Amino acid sequence: MSRSRQPPLVTGISPNEGIPWTKVTIRGENLGTGPTDLIGLTICGHNCLLTAEWMSASKIVCRVGQAKNDKGDIIVTTKSGGKGTSTVSFKLLKPEKIGILDQSAVWVDEMNYYDMRTDRNKGIPPLSLRPANPLGIEIEKSKLPQKDLEVLFHGMSADFTSENFSAAWYLIENHSMTSFEQLKMAVTNLKRQANKKSEGSLAYVKGGLSTFFEAQDALSAIHQKLEADGTEKVEGSMTQKLENVLNRASNTADTLFQEVLGRKDKADSTRNALNVLQRFKFLFNLPLNIKRNIQKGDYDVVINDYEKAKSLFGKTEVQVFKKYYAEVEAGIEDLRELLLKKLLETPSTLHDQKRYIRYLSDLHAPGDPAWQCIGAQHKWTLKLMQDCKEGHVKSLKGNPGPHSPMLDLDNDVCPPVLGHLSQTASLKRGSSFQSGRDDTWRYKTPHRVAFVEKLTKLVLGQLPNFWKLWISYVNGSLFSETAEKSGQIERAKNVRQRQNDFKKMIQEVMQSLVKLIRGALLPLSLREGDGRQYGGWEVQAELSGPWLAHVVQTIRLTYESLTALEIPNDMLQIIQDLILDLRIRCIVVTLQHTAEEIKRLADKEDWIVDNEGLTSLPCLFEQSVVHSLQSLKGVVDCKPGEASVFQQPKTQEEVCQLSISIMQVFIYCLEQLSTKPDADIDTTHLSVDVSSPDLFGSIHEDFSLTSEQRLLIVLSNCCYLERHTFLNIAEHFEKHNFQGIEKITQVSMALLKELDQRLFENYIELKADPIVGSLEPGIYAGYFDWKDCLPPAGVRNYLKEALVNIIAVHAEVFTVSKELVPRVLARVVEAVSEELSRLMQCVSSFSRNGALQARLEICALRDTVAIYLTPESRSSFKQALEALPQLASGADKKLLEELLNKFKSSMHLQLTCFQAASPTIMKT
């Protein structure tokens, strides 16, 4: 059969997109001649003929059904025209699932809802009424293993209803292959859903506007028909009957659904309770979480959770929330007490202290925990210092071992830091001085020195962190940013109030440090009330100078370390005062110790004389003084900020007197050596220096020193001390900045000259008196008479004997010291000439022969000792000659001259020592 009309052509559809069951209006040409002519209608491949309503040849109304394709043509098929075509297309949107309580303008297929409740593979909680596909685009499952995603997004979830929802996880799992254009469409869908939620019920009205219009048209048609019948006001009319029917239907529906609605209300209540639990599970679980995190030490997590709970529920009026929040506050209070206890525990590191203070600050702990920590640290430091002292005192009393106080008596014990004087170094003048002490004693530290070292180490270990804690407290770095902003004004007030208190703390620590050191080393400098607390060492001995110097160096290093912390100088001035007192004490003790050492030098005198007539004693003395001054160099020198030890006149005078006492002690040693009895001197080791060609006499194995020889040796040493040693020592005193050097030199020189003169007079008395005493008996031997005597035949024996005795003195002095010869012989000649002059003046008269004999002997003696004549001896010889009668004739003069020449010729060898030395001899 041939067709009589053209095929249908669809040219428009309104709307051109929508979800299934959307009512659309199709417009076009040749859409059929009537309802019976329309035999087919498909939209996006879905048959919509059952819902189609033919309106005219150009208009058809229908509802879009479920379709596999999301976009397709509208195909109309009629009996008269056959299968048509379409110039437009329709886009099918995926419907949103509507929950039980959601508003809807159309009838909802309940199967979708139940499918949603049972669809557990989507990961959607059964209580959630949100759509399974929030983006509104096709889901394409990822092939990535679920375990890999869980590892990649640790602690997160792909469930968009979860608190830990991860959008990246959801996209990877459901849309890993989706194109960018589709994702842009998904964004549009999300915005549309958000707009619907914001618009409320109006959105549902707009979405079902055609339905409302249809209902309105139906109601209007009914109303018009009723008006036309005129029966709306008649009792028993159709309207009344309809109302009755509707009421009965309503009551029947209520009866039927009462149980269902009751279950619905109960389910709603349960669902709401579960939603509340799910939504506020953070608060309900917080008390238990706080306890667990406190046990694990995760205080940061506790503080963050508390801040979150406080911001959410701090001002809540809900009783349940109030109850749980009160439990949270109780747990936080326990945490505050725990943190404060840990903060005040000692010992503790600075890092832990800052951490606990920051925690307490974030928890808004009452009071000022940072200041409490500073106070606790201060008390702990003082306790450690006191315990350090008590421990060393008990150790000293209970264990008199290597650190016995006996060591403090050993002034030769030197700290290894300062070194010690070499005992093996050869002395300047061949001395063989050696110390018999064991060197192992040098490295045993006395108890009090060990205490000072440990105490200063303790203070340097505690005070830097204490000071840094205060600096952090002042600048606010102890607190978090939130706590700093909230408490900045309050903290600024506290800092101003606490500044003086902290200064007192530092001063108390410094005072305790200084008093403890003074109690150990300078107990007399403590006040009476401080002796029991800071003293108690019960050690009578004084530390040696080197150990005191070591202590000074230790405290200086402590001061430098404290200065590096930028502690104000006024707080550290007390340490400077201690250093000054210790420096002064070190100088005093060292000089006293030097005096004791010098006092023992007499035992080290070996009486070995060198070419210059000296023993090793002056060299030992000079070395001892110089070594003592060198050991004081570090003490006397001023470090930056230190005052001079000699700034106080009292100190200057004390050091000057000690220096003079050193000289006095050595001079006393010389005097003791010069007057020591022969029996007290061990001469088994004594010898003389045989290298000198000028020695007089022979050397025997049983060589021993006489008292006269000791006098000569001491006199020779005195001369060397006056010319060299004392001047060298004065230079060293000046080099080391000692004061009163001129006084030290003057007093020392005066004492030395006094000793020299006294010893010289003793020696002259020992040597000159026998010679002088032998003159008178020798002159008048054999009943010699000046008035009646034979003509002179030569110099008599008494004068030759006197000359031989003088030669013996010369030899003895020359053996010890050539420089003493003129001084000694001049005094001997003075004594002899004075005695000879006295004897001549006592003679009442001389005969001619007697006068000639006397003149011969006086001239012989005068000419022989001419090089040792002094004005006094010349005057004596002159007086003796003036007492004689003048020579009467030239024959007498000639005879006198001949006899003198004969005398000089016969005693030429003996008289050689009275001749002036040649330049060669003088050089040697």
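What you see is a predicted model, and the numbers here were worked out from it, not measured in a lab.
Side-chain contact between Arg874 and Pro871 is absent, with no heavy-atom pair separated by less than 4.5 Å. Residues Ile771 and Lys767 fail the side-chain proximity criterion, which asks for heavy atoms closer than 4.5 Å. No side-chain heavy atom of Leu825 sits less than 4.5 Å from a side-chain heavy atom of Val813. Contact of the Glu654 side chain with the Val588 side chain is registered, since non-hydrogen atoms from C-beta on lie closer than 4.5 Å. No side-chain heavy atom of Leu759 sits under 4.5 Å from any side-chain heavy atom of Leu670. Contact of the Val832 side chain with the Val865 side chain is not registered, since no non-hydrogen atoms from C-beta on lie closer than 4.5 Å. Contact annotation: the side chain of Gln657 approaches that of Lys743 to within less than 4.5 Å [non-hydrogen atoms, C-beta and beyond]. No side-chain heavy atom of Glu622 sits less than 4.5 Å from a side-chain heavy atom of His724.
The backbone N or O of Thr745 lies less than 3.5 Å from no partner atom in the side chain of Ser748, so there is not a single donor-acceptor pair. Side-chain atoms of Ser628 come within 3.5 Å of backbone atoms of Ser624 as a donor-acceptor pair (strictly under, hydrogens ignored). At least one donor-acceptor pair under 3.5 Å links the side chain of Thr815 to the backbone N or O of Ala811. Distance alone, capped at 3.5 Å, places no donor-acceptor pair between the Ser905 side chain and the Lys902 backbone.
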### Message
Go through it in stages, so that I can follow the logic: the residues are Ile729 and Met663, the test is side-chain contact (heavy atoms from CB on, under 4.5 Å), and I'd like the CA-CA distance, side-chain angles, deciding distance and then a yes or no.
### Response
CA-CA 10 Å; Ile729 291 176; Met663 305 296 187; 3.3 Å; yes
### Task
Assess whether side-chain contact (heavy atoms from CB on, under 4.5 Å) is satisfied between Glu731 and Lys735, documenting all intermediate values.
CA-CA 6 Å; Glu731 290 179 1; Lys735 180 181 177 180; over 6 Å; no
### Message
The test is side chain to side chain donor-acceptor pair (under 3.5 Å); show your working for Ser873 and Thr870 and say whether it passes.
### Response
CA-CA 5 Å; Ser873 58; Thr870 63; 3.3 Å; yes
### CA sep, side-chain torsions, deciding dist, call: Phe877, Leu869, side-chain contact (heavy atoms from CB on, under 4.5 Å)
CA-CA 10 Å; Phe877 279 118; Leu869 292 178; 3.6 Å; yes
### Query
Is there a side-chain contact (heavy atoms from CB on, under 4.5 Å) between Met840 and Arg855 once you walk through the steps?
CA-CA 10 Å; Met840 294 299 106; Arg855 188 175 295 276; over 6 Å; no
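Residue-environment remark: CD (Glu734) stays at or below the threshold of 12 foreign heavy atoms within 6.0 Å. Annotation for Glu882: atom CD counts as buried by contact number, over 12 foreign heavy atoms lying within 6.0 Å. The local environment of CD in Glu897 is sparse, with at most 12 non-hydrogen atoms from other residues, nucleotides or ligands closer than 6.0 Å. Within 6.0 Å of the CD atom in Glu830, the count of heavy atoms belonging to other residues, nucleotides or ligands exceeds 12. In Glu819, the CD atom is not crowded: 12 or fewer heavy atoms of neighbouring residues, nucleotides or ligands sit closer than 6.0 Å.
Geometrically, Arg796 engages Phe784 in a cation-pi contact defined by less than 6.0 Å to the ring centre and at most 45° from the axis. Stacking of Arg827 on the aromatic ring of Phe760 is not recorded, the 6.0 Å distance cut-off and the 45° axial limit not both being met.
Going from atom CD1 of Ile713 over to atom SG of Cys718 covers 12.0 Å, rounded to the nearest 0.5 Å. Here NZ of Lys599 is found 8.5 Å from OH of Tyr668. Values are rounded to the nearest 0.5 Å. For the atom pair CG of Leu548 and OG1 of Thr590, the computed distance is 7.0 Å after rounding to the nearest 0.5 Å. Atom-to-atom distance recorded for Leu861:CG and Leu856:CG is 11.0 Å, nearest 0.5 angstrom. For the atom pair Ile744 CD1 and Phe738 CZ, the distance stands at 8.0 Å (nearest 0.5 Å). The OG atom of Ser876 sits 9.0 Å away from the CG atom of Leu836 when rounded to the nearest 0.5 Å.
For the side-chain contact (heavy atoms from CB on, under 4.5 Å) with Leu852, the qualifying choice from Pro791, Cys789, Pro885, Pro792 is Pro792, the only one to do so. A side-chain contact (heavy atoms from CB on, under 4.5 Å) with Val665 holds for exactly one of Ile598, Ile660, Thr594; it is Ile598.
Contact record, Lys800 with Val795: CE-O, 3.5 Å, taken as the closest heavy-atom pair. Closest approach of Leu899 and Gly794 over heavy atoms only: CD2-N, 4.0 Å. Summarising the geometry of Ala643 relative to Arg583, their closest heavy-atom pair is O-NH1, 2.8 Å, with the distance given to 0.1 Å. Counting all heavy atoms, side chain and backbone alike, Val635 lies closest to Cys586 at CG2-SG, 3.8 Å. In this structure, Val809 and Val828 approach most closely via the heavy-atom pair CG1-CG2, 4.5 Å. Between Thr706 and Gln709, the shortest heavy-atom distance links the atoms N-OE1, 2.9 Å.
Using bins of under 30°, 30° to 60° and over 60° for the plane-to-plane angle, the ring pair Tyr780/Trp786 lands in the perpendicular bin. Ring pair His810/Phe814 is parallel by interplanar angle, where below 30° counts as parallel and above 60° as perpendicular.
Side-chain contact check for Glu596 and Gln592: no donor-acceptor pair (N or O, by modelled atom type) lies under 3.5 Å.
Between Glu835 and Arg838, at least one side-chain nitrogen of the basic residue sits less than 4.0 Å from a carboxylate oxygen of the acidic one, meeting the salt-bridge criterion.
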